Protein chains: 2
Amino acid sequence: MVQEERNIAADVLKAMAHPVRLGVIEVLADGERTVTELYEELNCSQSMMSQQLKILCQQKLISIRKDGTQKYCSLSNRDFLKLFDCMHLHLRKFLNFKD
Amino acid sequence: MVQEERNIAADVLKAMAHPVRLGVIEVLADGERTVTELYEELNCSQSMMSQQLKILCQQKLISIRKDGTQKYCSLSNRDFLKLFDCMHLHLRKFLNFKD
DNA sequence: TAACAAGATAGTTATATCCGTATTTTCAGG
DNA sequence: CCTGAAAATACGGATATAACTATCTTGTTA
């Protein structure tokens, strides 16, 4: 990676580096959701969710389609789901996270 | 992932989400380096590097062994190197990064 | 033990993130 | 056109990151 790529990659990682945003990615792995479904499922406010979705969208981690008054969110790059496997192992092996 | 796991996972991702720290991981993929080698290779100050290494170390992304007056850094979890492949594709496919 | 080299830490200023409340926009139905 | 539901935006205060300069600590060697 060259300098400029690392800058952008850092931004993408920053976009993922938040509990709610990680939650969104995890939920969307299971399939499309509306904004309301997301903030209810992840137990946060509408405003909060809207802000977090914007960040994920900017980095093209999710995409959004409109249908009437609702918006449906889905993962645009399922490749990053690999990260959850790595992370799962890392939590247990290196940060001795207990189940 | 449960709430608490997401919190910690977010911290790990935050630790990676920085150009210099990504650079460190990339360089260390090639093998052990001293702190001096790292900051020379990545073209930043000694102080800067020391602070960034501390963050990587806290999340157990790297480990450090001491030898006299020098410290040798190495990756403690090569699993995360997968992330660079994902990222490479993401930059090109979704963020239309040019070579 | 003095001097040096490698690295860590302190202190600081600028900037960014987080997240709450309040308000606004957008659109479908009546 | 009015209402209500879904979602976005504005704004602000607290907190966290970033990154620089200067100083301190530690271990080696003469």
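Please read all numbers here as calculations on a predicted model, not as lab measurements.
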Do B/Q46 and B/S50 have a side chain donor and acceptor closer than 3.5 Å? no

Please collect all salt bridge (charged side-chain N to carboxylate O under 4.0 Å, His left out) contacts where either partner lies in residues 83-99 of chain A, sequence neighbours excluded, each pair once. A/R92-A/D99, A/R92-B/E5

Spacing between A/Q70 atom CD and D/dA5 atom P, to the nearest angstrom: 13 Å

How does protein contact run along nucleotides 17-30 of chain D, one letter per nucleotide 5' to 3', with B for base contact, S for sugar-phosphate only, - for none, heavy atoms under 4.0 Å? -SBBBB----SS--

With the side chain counted from C-beta on, respond yes when A/M87 and B/L13 share a heavy-atom pair under 4.5 Å apart, and no when they do not. yes

Show every salt bridge (charged side-chain N to carboxylate O under 4.0 Å, His left out) that has at least one partner inside residues 59-73 of chain A, sequence neighbours left out. A/E32-A/R65

List the steps, then state whether side-chain contact (heavy atoms from CB on, under 4.5 Å) holds for B/Q70 with B/V35. CA-CA 8 Å; B/Q70 283 173 279; B/V35 177; over 6 Å; no

Let me test you: for the helix from C/dT1-D/dA30 to C/dG30-D/dC1, what is the angle between the axes at its two ends (five pairs each), rounded to 10 degrees? 20°

B/E26 and B/L22: CA distance, side-chain angles, deciding distance, side-chain contact (heavy atoms from CB on, under 4.5 Å) verdict: CA-CA 6 Å; B/E26 238 184 336; B/L22 282 175; 5.8 Å; no

Partner set under side chain to side chain donor-acceptor pair (under 3.5 Å) for A/Q59, not counting sequence neighbours: none

Once ring-ring contact (aromatic ring centres under 6.0 Å, His included) is applied, do any residues pair with B/H18, and if so which ones, sequence neighbours excluded? none

Under a 4.0 Å heavy-atom criterion, DNA chain C is touched by chain A from C/dC18 to C/dA28

For residues 28-83 of chain A, which residue pairs qualify under ring-ring contact (aromatic ring centres under 6.0 Å, His included), counting only residues two or more places apart or in two chains? A/F80-B/H90

Residues in residues 33-43 of chain B with a heavy atom under 4.0 Å of DNA chain C, by number, are B/T34, B/V35, B/T36

Taking only residues at least two apart or on different chains, which pairs with a member in residues 35-52 of chain B satisfy salt bridge (charged side-chain N to carboxylate O under 4.0 Å, His left out)? B/R33-B/E41

Residue list, side chain to side chain donor-acceptor pair (under 3.5 Å) with B/K82, at least two apart or on another chain: B/D79

Apply side chain to side chain contact (heavy atoms under 4.5 Å, CB included) to B/S76 and list each qualifying residue two or more places apart in sequence or on a separate chain. A/F94, B/S63

